[in-house]
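Here is the structure we will look at, set down as structure tokens.
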Amino acid sequence: MMLREYQSTAISDIQNAMRTHRRVLFVLPTGGGKTAIMSVIAQRAAAKGKRILILVHRIELLRQTVEALRRAGVQAGMVNPNYAANYLLPVQVGMVQTVVKRLFYFRHGFDMVLTDEAHHAPAGNYTKVLAHFPRAYSLGVTATPVRGDGKGLASEYDVIVEGPNIRQLIDMGYLVEPVVYAPAKALDLTGVRTKLGDYDKTQIAGLMDKPTVTGDAVAHYRKLLDGQPAVAFCVSVAHAQHVAEQFRAAGYRAEAVDGAMELSERQRILDGLGSGAVQVVTSCDIISEGTDIPAIAGAILLRPTQSTGLYMQQVGRALRVIEGKTQAVILDHVGNCMRHGMPDDEREWSLEGVVKRGRKAAEDEVRAKQCKQCYAVYHVGKTVCPACGAAPEGKPRVVDVQEGELVRVEAARKQQRAEVGRARTLQELERIERERGYKRGWAQMVYRARQARV
């Protein structure tokens, strides 16, 4: 398996961390190649005679991980009712829901347990499995080390190891630029209850599952993504079905997927995004994390969320690179970017979890504001709007905006990105690294990634 340089560096960093900590959490954005990193770690451990268990929570992840291990030269056992078990193999990939019922079969134990989508680790089944193998090293991998309920991961992990962030992967050419469109007028969520750490689904389903909202989503898809592969993230299964119906009524090839669907049918629909047989897939939760889908041109956000993790998982699905793709279009109909920031904002992750605050306080903490002149979103440190040049205190001009119209959100770093593009030498990149306070090594990663493409 050919690793990118930052993936090899990540493996070394993880191994170094495990010299002093038995429980390590590794963070890498969606599309960065976490499965490849896990597979190589498992392959190297198995070559030393170690036994490894990899925990996943969806059947698609089980198949993807086994295939990645095969490419790394490792035959793995599959712990799931749909497959014949082979407990003698040193590497086992198991659905956590199945593993927790078959702990008796693993009498020899494991030397290492790897947990995919490790932000789920504090959940009951994971904790039971990890507690059953107390002597094993534990490695969790995730793009978003935060939970919707605000719980931290310190109960399961001792230290965080971070790979490059979204901005760094974009600068290296491994992800594409996000272009975000959001409402000029924020969605009114006054009175919506919070349940299990997020907006009450029943209430927001009533807000979002309306023909006017769905029609608005179709109109903006036609305007900005017409015919290109996209995923719409919905509130409920019924909402996803209704949205797919509206897209089909508008002449697009659209399908809804859900967890109750036969695996083969769900895979057929997702594969259709890559072949062109399907243009729009609508979903509730199934595609938000874990499920591997072909690279898509855009994401349609129709579910408001208080969860930064869910938001990042959704937008991350659109950032993967394919030939000819220069940007990812995010149609944020619910204004999640104003709750959680731009997709490529730098974020500080912590094992301690999220301190619960009022909704207003949480939104004030987002380092972005919306221009009253053109409705672009930019960072609060800017003295003028980078899109139109208006000062924040300027009197807004009258803008003729149709009901529900989305307007482009600019990430207030257009000039910064251009400066990175103009930097040709390592010394120039190192100067940018110092001036912007980037993590040490950013310049080296960008420079080497460019050299690898020459």
**Message:** Using side chain to side chain contact (heavy atoms under 4.5 Å, CB included), reason through H333 and H220 one step at a time and then give a plain yes or no.
**Reply:** CA-CA 10 Å; H333 289 269; H220 282 88; 4.0 Å; yes
**Item:** Intermediate values then yes/no, side chain to side chain contact (heavy atoms under 4.5 Å, CB included), L28 and V141
**Value:** CA-CA 8 Å; L28 186 68; V141 299; over 6 Å; no
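No hydrogens or angles considered: nothing links the side chains of T142 and E117 as a donor-acceptor pair under 3.5 Å. Inspection of the S307 and D198 side chains reveals no N or O donor paired with an N or O acceptor under 3.5 Å. E156 and T127 form no side-chain donor-acceptor contact under 3.5 Å, judged by distance and modelled atom types alone. At a cut-off of 3.5 Å, with distance as the only test, a side-chain donor of R222 or Y252 sits close to an acceptor on the other residue.
For an aromatic pair to be called close, the ring centres must be under 6.0 Å apart, and Y137 with F110 fails this.
By the 4.5 Å heavy-atom criterion applied to side chains, L319 and D344 are not counted as neighbours. Side-chain contact between R320 and T30 is present, with at least one heavy-atom pair separated by less than 4.5 Å.
Residues F133 and L53 approach most closely at CE1-CD2, 4.1 Å, considering heavy atoms. Scanning both residues, A230 and I300, for their nearest heavy atoms gives CB-CD1, 4.4 Å. When all heavy atoms are compared, the tightest approach of A17 to V161 is CB-CG2, 3.7 Å.
The distance from the CD1 atom of I14 to the CG atom of L139 is 5.0 Å, given to the nearest 0.5 Å.
Comment: R63 does not engage E60 in a salt bridge, judged by the lack of any side-chain N to carboxylate O separation of less than 4.0 angstrom. Under a 4.0 Å N-O distance rule, the pair E262/R266 does not qualify as a salt bridge.
For the salt bridge (charged side-chain N to carboxylate O under 4.0 Å, His left out) condition, the pairs that include at least one residue of residues 22-33, sequence neighbours left out, are R23-D158.
Under the side chain to side chain donor-acceptor pair (under 3.5 Å) criterion, D258 pairs with no residue at all, not counting sequence neighbours.
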